[in-house]
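Positions are given from 1 along the sequence. Ligands are counted one by one from 1 in listed order, and the atoms in each one are counted from 1 as well.
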Amino acid sequence: MKQINVGIIGCGSITRFRHAPEYRANPYVNDIFFYDNNTSRATALAQQFNGRVVDKVEELFNNPNIVAISDCSSNESHHINSTKALLHGKHVLCEKPMATSVEKARVILEAQKKSGKKLMIDHNQRLTKVHQRAKSIIENKELGKALTFKTTFGHQGPEKWSVDGTNATWFFKKERSHSGVAGDLGIHKIDLIHYLLDDEIDIVHSFTGALDKVDESGTPIEVCDNVVCAMKTKRGRLGTASFSWTYYGSEDNSTTIYFEKGMMKIYHHDQYPLIIEMKDGSVVKHELEPMQTNDNQTNSGVIDAFVDCIINDKVPLITGEDALASLIVIEKILNDK
Ligand SMILES: NC(=O)c1ccc[n+]([C@@H]2O[C@H](COP(=O)([O-])OP(=O)(O)OC[C@H]3O[C@@H](n4cnc5c(N)ncnc54)[C@H](O)[C@@H]3O)[C@@H](O)[C@H]2O)c1
């Protein structure tokens, strides 16, 4: 069986909980090479996942036996690492948000075109069983056309999730995160709406604020911890969205879509994460696996999809162009003053 070796840049939480275990479990993956600015983090994950450590990122780029690279560095580095990896002939799975600006995302896209290698962005929400089922129900048109939507993604914030584990985390720094909760959580839902409705959000009116989070010196953070917005899509659908790092209870990952003939409730109910209610009063409750949360890490399917697109020479399930479209919406949210 054909196997590939992969490299991972950045050995924080997303690598520990998703990329490393999912590569290790994938039968087409042989060696995993770990790199982090902080070598002790790379060493710890290499030990945990039976991989190897490199001391310099160039050792990943210059190793002809490494076929693909996951870019799990913090946001401000994506356009540097992913671009270099592509131009060194590696396939790249880049974490979201693709970059800290649309302009920088376009640099990665240019590198992808020049290299001809695969570029996939980790908008993993598309791949949950519930969102996949929702997509197929929308496509079979039993609900008619989608008219309006409301979506939210919020939890208690990234400071406990990040490997740093404190409110000194890069997630709270303007020059490193850039987009705060908008690019951290909001971009997942923007991508999801684009995907489910086969549409693009075009016009945005938003409010953003740093309402509660403080940095390590007790100063309000430089990026938004909350976003509330109203949107219109290119195909005329209207929707609202809210993204929050201050939902100080359980995580909320819910979406509701209203159609001509009924409505779809996604992740409103633990046992029935997908519920269809029809105009005539009939209800269908789908029992599917619960949402992955920070406390419930299940296989995201993203690594398997990325490896599959390399091994079988397919178009990645989430392309750089898809991710760029979502990033454009995030810039509109941040720039609507
Ligand atoms: N797809 C998802 O659901 C999801 C979830 C969480 C985080 N993320 C994304 O994954 C990326 C990493 O987030 P995280 O939660 O792992 O953060 P984290 O703070 O836990 O870890 C980041 C790690 O990257 C390292 N790093 C930063 N810049 C680097 C560079 N230039 N070279 C090498 N190492 C570098 C840091 O030392 C740290 O160990 C971010 O872009 C984040 O938005 C995606």
Side-chain angles (χ1 to χ4, degrees), residues 7-22 33-46 53-61 69-85 92-100 104-105 108 120-128 131 153 155 157-173 175-192 223 243 245 251 253 291-303 305-306 318 323 326-327 330:
I8 303 180
I9 303 173
C11 297
S13 295
I14 197 67
T15 296
R16 183 152 81 92
F17 293 118
R18 303 253 182 85
H19 292 246
E22 293 184 24
F33 294 78
F34 291 89
Y35 171 73
D36 196 292
N37 288 339
N38 178 329
T39 307
S40 65
R41 290 178 187 161
T43 306
L45 291 196
V53 183
V54 298
D55 294 325
K56 295 200 176 76
V57 71
E58 287 73 22
E59 292 175 54
L60 299 180
F61 299 146
I69 287 184
S70 269
D71 185 353
C72 300
S73 56
S74 42
N75 300 352
E76 85 286 5
S77 303
H78 294 175
H79 67 290
I80 301 168
N81 290 327
S82 290
T83 301
K84 282 189 186 162
V92 169
L93 172 60
C94 177
E95 265 307 336
K96 47 52 56 177
M98 184 176 174
T100 49
K104 287 173 181 162
I108 304 177
M120 182 162 150
I121 313 297
D122 189 6
H123 288 297
N124 50 312
Q125 289 224 345
R126 285 185 186 204
L127 302 183
T128 72
H131 290 145
F153 192 2
H155 58 43
E159 62 272 44
K160 296 264 162 38
W161 155 270
S162 167
V163 67
D164 181 84
T166 73
N167 58 355
T169 175
W170 66 268
F171 279 96
F172 288 171
K173 308 291 180 200
E175 76 279 7
R176 299 194 63 193
S177 136
H178 176 69
S179 48
V181 71
D184 183 35
L185 305 186
I187 202 156
H188 278 297
K189 292 303 180 193
I190 304 298
D191 179 71
L192 182 70
V223 292
F243 314 125
W245 279 340
E251 188 166 315
N253 222 313
M291 186 68 200
Q292 299 134 359
T293 65
N294 286 355
D295 301 324
N296 171 36
Q297 294 293 334
T298 51
N299 189 319
S300 68
V302 166
I303 300 298
F306 178 54
I318 307 127
S326 297
L327 198 61
I330 295 300

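Between W170 and ligand 1, a contact under 3.5 Å exists for at least one N or O pair. Looking at R41 next to ligand 1, an N or O pair under 3.5 Å apart turns up. For ligand 1, the polar-atom distance check against W161 finds a nitrogen or oxygen pair separated by under 3.5 Å. Where the criterion is an N or O separation shorter than 3.5 Å, residue side chain and backbone included, F171 fails it with respect to ligand 1. For D184, no nitrogen or oxygen atom sits less than 3.5 Å from a nitrogen or oxygen atom of ligand 1, counting backbone and side chain alike.
Considering D191, L192, I187 in turn, L192 is the only one that fulfils the side chain to side chain contact (heavy atoms under 4.5 Å, CB included) rule with Q125.
Of the heavy atoms in K96, both backbone and side-chain atoms come closer than 4.0 Å to ligand 1. Residue-level proximity to ligand 1 for C72 is carried by the backbone, the only part with a heavy atom below 4.0 angstrom. Contacts of T169 with ligand 1, taken as heavy-atom pairs under 4.0 Å, are absent altogether. At a heavy-atom cutoff of 4.0 Å, ligand 1 is contacted by no atom of V302, backbone or side chain. At a 4.0 Å heavy-atom cut-off, ligand 1 touches I9 through the side chain alone.
Taking every non-hydrogen atom of N81 and a distance limit under 4.0 Å, the qualifying atoms of ligand 1 come out as 31 (N). Below 4.0 Å from some heavy atom of D122 lie the following atoms of ligand 1, by number and element: 1 (N). For ligand 1, the atoms lying closer than 4.0 Å to a non-hydrogen atom of H78 are 41 (O). Set against the non-hydrogen atoms of Y35, the atoms of ligand 1 under 4.0 Å away are 32 (N), 33 (C). The G10 neighbourhood of ligand 1 comprises atoms 24 (O), 25 (C), 34 (N), with distances under 4.0 Å to a heavy atom of that residue.
Protein heavy atom closest to atom 40 (C) of ligand 1, with residue, atom name and distance, is N75 OD1, 3.4 Å. In terms of protein heavy-atom proximity, atom 8 (N) of ligand 1 is nearest to E95 OE1, 3.7 Å. Scanning the protein for heavy atoms near atom 4 (C) of ligand 1, the closest one is I14 CD1, 3.5 Å. Protein heavy atom nearest atom 39 (O) of ligand 1, with residue, atom name and distance: D36 OD2, 2.6 Å. For atom 11 (C) of ligand 1, the closest non-hydrogen atom on the protein side is S73 O, 3.3 Å. For atom 21 (O) of ligand 1, the nearest non-hydrogen atom of the protein is G12 CA, 3.2 Å. Distance from atom 31 (N) of ligand 1 to its nearest protein heavy atom, with residue and atom name: S77 OG, 3.1 Å.
A donor-acceptor pair is defined here as one N or O able to donate and one able to accept, closer than 3.5 Å; no such pair exists between the side chain of T100 and the backbone of N75. Side chain of S13 to main chain of W161: a donor-acceptor pair is present (N/O by atom type, distance under 3.5 Å, no hydrogens or angles). Here the side chain of S179 pairs no donor or acceptor atom with the backbone of A182 at under 3.5 angstrom. Side chain of S70 to backbone of C72: no donor-acceptor contact under 3.5 angstrom is found. Proximity of a side-chain donor or acceptor of H78 to a complementary backbone N or O of C94 within less than 3.5 Å is not detected.
Between H188 and H123, the two ring planes are perpendicular [angle over 60°; tilted spans 30° to 60°].
Within the 4.0 Å heavy-atom cutoff, P97 counts among the residues contacting ligand 1. For the pair Q125 and ligand 1, no heavy-atom separation below 4.0 Å is found. Contact between R18 and ligand 1 is present, with at least one heavy atom of the residue lying under 4.0 Å from the ligand.
Scanning all heavy atoms of the two residues, the minimum distance from P97 to L327 falls at CB-CD1, 4.1 Å. Summarising the geometry of S177 relative to V223, their closest heavy-atom pair is OG-CG1, 4.0 Å, with the distance given to 0.1 Å.
Within a 6.0 Å sphere centred on NZ of K104, heavy atoms belonging to other residues, nucleotides or ligands number more than 12.
Both the sub-6.0 Å distance and the 45° axial angle are satisfied by K189 relative to the ring of F153.
With rounding to the nearest 0.5 angstrom, the OG atom of S300 is 6.0 Å from the CG atom of D122. Rounded to the nearest 0.5 angstrom, K96 NZ and I121 CD1 are separated by 12.0 Å. Rounded to the nearest 0.5 Å, atoms OG (S73) and CG (D36) are 9.0 Å apart.
For the pair H19 and I14, the minimum side-chain heavy-atom distance is below 4.5 Å.
Checked by atom type, the side-chain pair S74/R176 shows a donor-acceptor distance below 3.5 Å.
Taking only non-hydrogen atoms, the option from S40, S177, S162, S74 nearest to atom 28 (N) of ligand 1 is S74. Among N37, T15, I8, I121, the residue whose heavy atom lies nearest to atom 34 (N) of ligand 1 is N37.
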